[in-house]
Amino acid sequence: MKKTEILVLDFGSQYTQLLARRIRECEVLAEVVNLNISVAKIKTYQDLKGIILSGGPSSVYETDAYKIDQGIFELGIPILGVCYGMQLMVHEFGGVVELADAQEFGKATITISNNKSLLFKNITKETTVWMSHADHVTTVPDGFIVEAQSDNSIAAIANQEKKLYGIQFHPEVTHSIDGGKMIQNFLFEVCQCEATWKISNFITEAVNEIKKTVGQDEVILGLSGGVDSSVAAALISKAIGKQLTCIFVDTGLLRKDEGKKVLAAYQKNFELNIKMVAAQDQFYTSLKGYCDPEDKRKIIGREFVNVFANEAKQMQAAKFLAQGTIYPDVIESSSDGHTSKTIKSHHNVGGLPKDLNFTLLEPLRTLFKDEVRKVGLELGLPPEMVYRHPFPGPGLGIRVIEEVTKEKCDILREADDIFISELYRENLYNDVSQAFVTLLPTKTVGVMGDNRTYDYVAAIRCVNTIDFMTATATHLPWDFLDRVTNRIINEVDGINRVVYDITSKPPGTIEWE
Ligand code: XMP
């Protein structure tokens, strides 16, 4: 079974997940949990070695400020409060937190005053950290000492006897130069964690668990060609081989040769039953006449469920429906009041009719995306598949602007294929986060040879981003853009003009829709 050694109680900081990832990078399994977790629930974690209280936007002195079960501080388990987490700890132990005159946002230098500090072991006396706070600690509670200070605030406190630590800054952000070392110190010096979280262990354990859960039953999985469902399929197939059947629906809204490529990759690497369902006409017919992006999304989602449910009905023996749900999809978030979501909301098969009565099988639900990729590589999936850019569920349905037709999808597929293959050729593909072509509904005049043309405009989109919540347009080399443009106009019938979208997100989104 998995050994969760660290719990991160989520107070709603934008960095909470990053914190859990940084801990996992140290081969220690950290889980993000709701701040309302009870002491009784915490006690069920048998391998628990430490607790981290994350940052968050609230202020401890407000009446509705986030609080935790008081008993958590009495468990004798080491606790690290980060930013709001530290302020909460101070407040609970009788210290004072106030709105600061000089609020700190961004880089700050801290000076470490306790040279015996476990948290700052082997770290230089002065170091740069990332601050993001309006409130600060002005009086440290009894039993605590100040371990580090910035120009404007108490940066770190400790009560070694009770194993309670607090830091005002964010060690998980790369701008905190020694942040990684501080996290390691907390894990290994303070909590005495064992580094047991290894991808190979995860695979062995997941395979055993899938075997045990599925027994002799059958499993179906909707394969999209995306990373998550591909890795889930590979993992389940390693466990139960031909008891898994993958259903691949060709919606007509896929990229060039997508079905063929997916099939080839699996046939080469795995023993897998794959059922290809050709449903292009059904999708094109349903989409006829619709221009509004939300309408198109609904239609595509509905048709997908219809096709998938129809296939599933024919597989009477299948008891399980497998999904590539990953950790960020299920994570309990306190900031927005959500509890764990069981089905990825944008997973098309999430809306399957209840009478199909499947049990969900989600073997990747504890993993972050980068961990999913590592599992994929270790299982032998080709790197092109594991490092593929995200592709939206509704596919080309939202990349053909306004009405979607087969003719437009065919044009777009060719243009997109040229852009993507040029990115690979120039070794740029893996340096950018997402790249694609969008087909505009506008036709413009052009000239080719001696002839006047009147064809569509294609927009190239290429962005860099960490979390897809914000993004900037990639500064692609001009020569490269020039070549892609020439190739698209010369080789794709139906496009006579190419534009490059340099809008950031926000205010733009990544997809045009
Ligand atoms: P936007 O356009 O909102 O996109 O900036 C952010 C990221 O989400 C992807 N995206 C989707 N992914 N189902 C998905 O699985 C969808 O319906 C969907 N819509 C957008 C988009 O490609 C980008 O990576």
Side-chain angles (χ1 to χ4, degrees), residues 14 17 221-233 248-249 251-255 258 262 283 286-287 290 292-305 308 323-331 341-352 362 364-365 367-370 372-373 385-402 404 409 412-413 416 419-420 423 429-440 459-474 501-513:
Q14 55 179 324
Q17 288 196 36
L221 179 145
L223 202 58
S224 68
V227 182
D228 303 344
S229 67
S230 301
V231 175
F248 183 93
V249 181
T251 57
L253 309 171
L254 300 172
R255 287 164 289 191
E258 186 121 40
V262 167
F283 281 84
S286 301
L287 284 165
Y290 286 93
D292 181 80
E294 285 306 308
D295 288 344
K296 294 195 293 183
R297 277 175 175 278
K298 280 190 200 122
I299 292 165
I300 295 165
R302 188 190 66 213
E303 288 306 334
F304 193 91
V305 167
F308 197 87
Q323 291 199 149
T325 313
I326 69 170
Y327 198 44
D329 306 324
V330 296
I331 219 160
K341 295 175 251 163
T342 44
I343 294 178
K344 204 169 180 174
S345 56
H346 56 255
H347 254 220
N348 289 320
V349 288
L352 278 183
E362 298 176 309
L364 307 178
R365 57 183 289 131
L367 301 188
F368 284 110
K369 192 86 173 183
D370 48 338
V372 170
R373 292 202 162 104
M385 198 168 226
V386 169
Y387 288 106
R388 263 184 134 183
H389 295 167
F391 185 62
L396 302 189
I398 56 168
R399 289 187 180 168
V400 168
I401 308 306
E402 298 200 343
V404 180
C409 288
L412 177 54
R413 264 187 277 272
D416 189 72
F419 180 36
I420 299 299
L423 283 170
Y429 186 86
N430 290 317
D431 295 341
V432 305
S433 308
Q434 192 170 6
F436 56 91
V437 177
T438 288
L439 191 72
L440 308 195
I460 294 179
R461 184 82 165 131
C462 185
V463 294
N464 282 79
T465 168
I466 292 176
D467 55 9
F468 294 88
M469 306 292 284
T470 62
T472 49
T474 311
D501 177 7
I502 59 165
T503 317
S504 306
K505 174 183 179 177
T509 47
I510 295 174
E511 302 288 345
W512 283 44
E513 311 227 358

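Just follow the structure's listing: the first ligand is 1, and inside any ligand the first atom is 1.
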Query - Closest approach of K296 to I401 (non-hydrogen atoms, all atoms of both residues) - result: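 Scanning both residues completely, I find the closest heavy atoms to be NZ-C, 4.1 Å.
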Would you say [X] has any N or O atom under 3.5 Å from an N or O of ligand 1, going by distance alone?
| X | answer |
| --- | --- |
| Q434 | yes |
| I510 | yes |
| P392 | no |
| E511 | yes |

Query raised in the report: Mind checking whether H389 has a heavy atom under 4.0 Å from ligand 1?
Result: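 For ligand 1, residue contact (heavy atoms, under 4.0 Å) with H389 is absent.
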**Report entry** For R297, atoms of ligand 1 separated by under 4.0 Å from a heavy atom
**Finding:**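 In order of numbering, the contacting atoms are 16 (C), 17 (O), 18 (C), 19 (N), 20 (C).
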Query raised in the report: Atoms of ligand 1 less than 4.0 Å from K505 heavy atoms?
Result: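 By the 4.0 Å cutoff, the relevant atoms are 1 (P), 3 (O), 5 (O), 6 (C).
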Query raised in the report: Are S229 and S224 linked by a side-chain donor-acceptor pair shorter than 3.5 Å?
Result: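 Short answer, yes.
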Query - Pair R297 + E513: basic N to acidic O under 4.0 Å - result: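 A salt bridge links R297 with E513.
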Query - L412, V404, I398 screened by side-chain contact (heavy atoms from CB on, under 4.5 Å) with L253, the one that passes - result: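 The side-chain contact (heavy atoms from CB on, under 4.5 Å) with L253 is passed solely by V404 among L412, V404, I398.
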Query raised in the report: What orientation do F368 and Y327 show, parallel under 30°, tilted 30 to 60°, or perpendicular over 60°?
Result: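 Answer is perpendicular, since the angle exceeds 60°.
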**Report entry** Beyond-backbone contact of D228 with K369, side-chain heavy atoms, under 4.5 angstrom
**Finding:**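 A side-chain contact exists here, since the closest heavy-atom pair is under 4.5 Å.
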